[in-house]
Amino acid sequence: MLEEYIQKGIVEEKTLLDLLREGNEQVPQKTALIDPYRRVRYAELMHEALQCAAVFQENGLVEGDHMLLLMNNRIEFFSCLFGMMFLGVRPVLMLPSHRRKEIETIFEFSDAKGIVTYGNELGFDYVQTALEVTAEHGRVFAYEKREGVNYLPELLGHASEPILAEVKGQDIALFLLSGGTTGIPKMIPKRHSAYVYNAIYSAKRCVTDETSVYLAALSVAHDYPLSCPGVLGTMARKGTSVLSMTASFDEVAMHIAQEHVTFTQIAPSLAAMWLECMEWEEDVDVSTLQYIEIGAAKLEWDLAERLENAFGAKIIQGYGLGEGITCFTSIDDTREVAWTCQGKPISEYDEIKIVDEIGKEVPQGEAGELIEKGPYTFEGYYHAEELNRQLFSEDGFFHTGDKAILTDEGNIRVIGRVREQINRAGENVIPSEVEAYLKGCEEISDAAVFGIADAELGEKVCAVLIAKGEELTLLQVCEKLSEAGMAAYKLPDVIYYVDHFPLINVGKVDKKKLKQDLNIIGER
Ligand code: AMP
């Protein structure tokens with residue numbers, strides 16, 4: 001429990017708001033955030049966040065309310081995030097890749113009072129979707145003027161002094177989302193002090209300091225680019241963060257050159273794409289990059305080598321999950337360690353064990369499930385008592401679901417998962433969720449989904465289908481799932497058809513046999 005770590009003096013009772021306040025007091029004129037459209041100093045960010053707090057308050061939001069925050073990487077993401085926190089309102093961080101179905105499910109599940117978004121961006125009308133989802137009960141705050149929207153640019157101009165809540169370190173600061181978002185959505189409550197601790201200790205391990213310029217290429221609604229060390233860790237060290245709207249190489253290369261970016265955090269699949277672009281582009285100046293932090297999925301040696309050579313930056317490998325532990329290799333580690341291991345936990349108070357199916361520790365060096373407990377590990381998903389009971393051992397260790405070994409030097413090496421879950425380019429896809437969508441199509445009578453190894457994506461989504469009549473093509477299947485509101489990263493990359501599924505036990509599809517029957521190579 002966080003309280004115990006605070007009592008023992010391990011965790012300081014600080015809030016994420018303190019990070020902003022300290023920046024405002026100590027380095028008010030320093031640039032805090034840059035996005036493709038503008039830049040703000042720490043003092044300006046503080047001012048904008050307070051203005052947002054005032055507008056939210058004037059429009060009825062109160063302490064304890066939940067609000068969905070659905071925005072691409074922009075400065076406004078942080079003005080609104082801190083604005084809500086100043087009132088004790090808890091933002092639920094939706095991924096910008098989420099679509100109607102996910103947004104609706106989480107909106108209902110979280111009992112949110114509304115949605116804060118920007119506008120029609122990158123080919124998706126976030127405002128229209130927010131208006132539809134909240135139609136019955138809820139309000140929409142946006143930066144684009146539409147009927148029924150609380151239009152922030154106008155309201156911010158007239159904002160008065162907000163009355164701030166007394167936010168404490170133990171309070172919930174925000175909710176991250178985990179895995180699938182239909183079926184049973186999983187909301188991860190992040191408490192202020194625990195999240196500050198995670199940000200600060202990640203920043204320490206990754207040698208982030210006031211000279212650091214961080215490039216957020218992935219969505220900051222993810223734990224990793226937000227707080228490991230991400231924008232919040234950079235802020236804790238009074239550095240500067242650059243928010244890239246997209247992860248396209250053209251955009252990130254421009255930011256790196258213009259803002260003299262010193263470090264970034266990416267997943268292996270993105271690294272591979274950037275490398276390909278580097279080979280085509282001439283005159284790309286990435287010479288200021290000192291560190292590339294790679295995490296979220298398995299890194300291959302060859303990719304690591306090509307990346308270090310092409311970018312001239314040192315790789316720091318990381319492993320972590322929104323629910324808990326964060327690990328990084330250290331800058332003094334050898335290539336063997338940095339390229340093949342995910343390092344050590346960021347805190348000396350993180351406890352890890354590698355266990356077998358019955359929870360017994362395996363001998364040193366053998367593979368098993370990684371279970372952990374520590375100062376910033378969560379205490380359970382929001383409104384999921386049954387699931388939470390299964391996730392923690394009797395002595396309070398959280399079952400990560402990841403299969404790992406511990407090397408003799410105490411480094412973690414993740415080798416797969418014990419639970420069924422596909423890691424597609426660093427995004428988690430839950431097979432049962434995609435199966436539910438597929439079974440919802442009138443042309444499909446049954447579906448089995450699993451991951452297959454892929455050189456570029458790490459894993460791709462494979463769906464084996466039983467057709468009712470005529471077989472849909474992959475494109476038709478994807479169109480149907482998109483129409484049903486499923487996010488693009490969960491769409492099948494490949495489909496197969498069979499007449500029936502091999503079964504184990506009563507009705508459970510034997511996916512292992514299915515893969516063998518179809519001769520699908522590269523599966524896990
Ligand atoms: P999330 O909670 O969305 O950040 O996803 C966390 C999951 O991503 C972990 O439980 C792992 O399965 C996977 N993951 C994170 N980092 C790595 C890594 N370096 N190598 C392999 N898998 C990883």
Side-chain angles (χ1 to χ4, degrees), residues 93-98 102 174-181 185-190 195 198 202 205-206 218-230 265-271 292-301 303-304 307 315-329 333 337-346 352 354 367-372 376-378 381 391 398-407 411-431 433 451 453-454 457-459 487 489-490 524:
L93 306 192
M94 301 300 298
L95 301 182
S97 54
H98 282 147
E102 286 101 356
L174 54 88
F175 291 98
L176 296 172
L177 296 181
S178 167
T181 46
K186 289 189 284 179
M187 281 169 49
I188 307 168
K190 299 304 288 189
Y195 218 30
N198 185 105
S202 295
R205 175 67 58 81
C206 296
L218 303 170
S219 162
V220 289
H222 274 294
D223 176 47
Y224 172 47
L226 179 65
S227 179
C228 305
Q265 295 174 223
I266 49 177
S269 51
L270 187 57
I292 299 180
E293 287 153 30
I294 299 243
K298 187 172 171 2
L299 174 68
E300 301 294 343
W301 179 277
L303 181 64
L307 197 66
I315 287 175
I316 299 178
Q317 209 184 150
Y319 157 78
L321 61 176
E323 290 84 344
I325 199 151
T326 304
C327 303
F328 282 108
T329 55
D333 280 333
V337 171
W339 296 2
T340 64
C341 299
Q342 287 76 50
K344 296 180 179 151
I346 52 168
I352 46 178
I354 308 288
E369 184 181 10
L370 193 156
I371 64 171
E372 57 93 4
Y376 54 94
T377 293
F378 85 147
Y381 297 110
L391 284 180
F398 168 62
H399 282 256
T400 62
D402 290 318
K403 201 180 203 176
I405 60 169
L406 210 52
T407 67
N411 286 300
I412 285 169
R413 185 176 292 148
V414 179
I415 54 170
R417 281 174 300 284
V418 292
R419 275 199 290 275
E420 210 188 22
Q421 180 174 298
I422 303 166
N423 186 324
R424 187 188 187 279
E427 300 278 11
N428 291 323
V429 181
I430 310 294
E433 182 187 355
D454 181 77
L457 300 166
E459 273 187 293
Y489 67 88
K490 300 175 190 167
R524 288 170 189 246

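Read the numbers this way: they start at 1 and go in the same order the structure lists the ligands and their atoms.
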*Can an N or O of N428 be found at a distance shorter than 3.5 Å from an N or O of ligand 1?*
yes
*asked:* Is there a side-chain contact between I352 and I371 in this structure, where contact means two heavy atoms from C-beta onward sitting under 4.5 Å apart?
replied: no
*Would you say G318 has any N or O atom under 3.5 Å from an N or O of ligand 1, going by distance alone?*
yes
*Work out which heavy atom in A338 is nearest to a heavy atom in Q317; give both atom names and the distance.*
O-NE2, 2.9 Å
_G295, any N or O under 3.5 Å of ligand 1 N or O_ = no
*Which atoms from ligand 1 have a heavy atom of D402 less than 4.0 Å away?*
9 (C), 10 (O), 11 (C), 12 (O)
*Is ligand 1 under 4.0 Å from a heavy atom in the side chain of S178, in the backbone, in both, or in neither?*
neither
*asked:* So which atom in I422 and which in R417 form the shortest heavy-atom distance, rounded to 0.1 Å?
replied: CA-NH2, 4.1 Å
*Contact partition for L299 relative to ligand 1, non-hydrogen atoms under 4.0 Å*: neither
_Could you check whether any side-chain heavy atom of W339 comes within less than 4.5 Å of a side-chain heavy atom of D333, counting everything from C-beta outward?_
no
*Heavy-atom contacts under 4.0 Å between L176 and ligand 1: side chain, backbone, both, or neither?*
neither
_For a 4.5 angstrom cut-off between non-hydrogen side-chain atoms, does L370 reach I354?_
yes
*Less than 4.5 Å apart, any side-chain heavy atom of E427 and any of H222?*
yes
*Heavy-atom nearest neighbour of atom 23 (C) of ligand 1 within options A296, G320, G416*: A296
*asked:* When you measure from the heavy atoms of Y224 to every atom of ligand 1, does any distance fall below 4.0 Å?
replied: no
*Are H98 and Y489 side-chain neighbours, meaning at least one heavy-atom pair lies under 4.5 Å?*
yes
*In terms of atom number and element, which parts of ligand 1 are under 4.0 angstrom from non-hydrogen atoms of N423?*
8 (O), 13 (C)
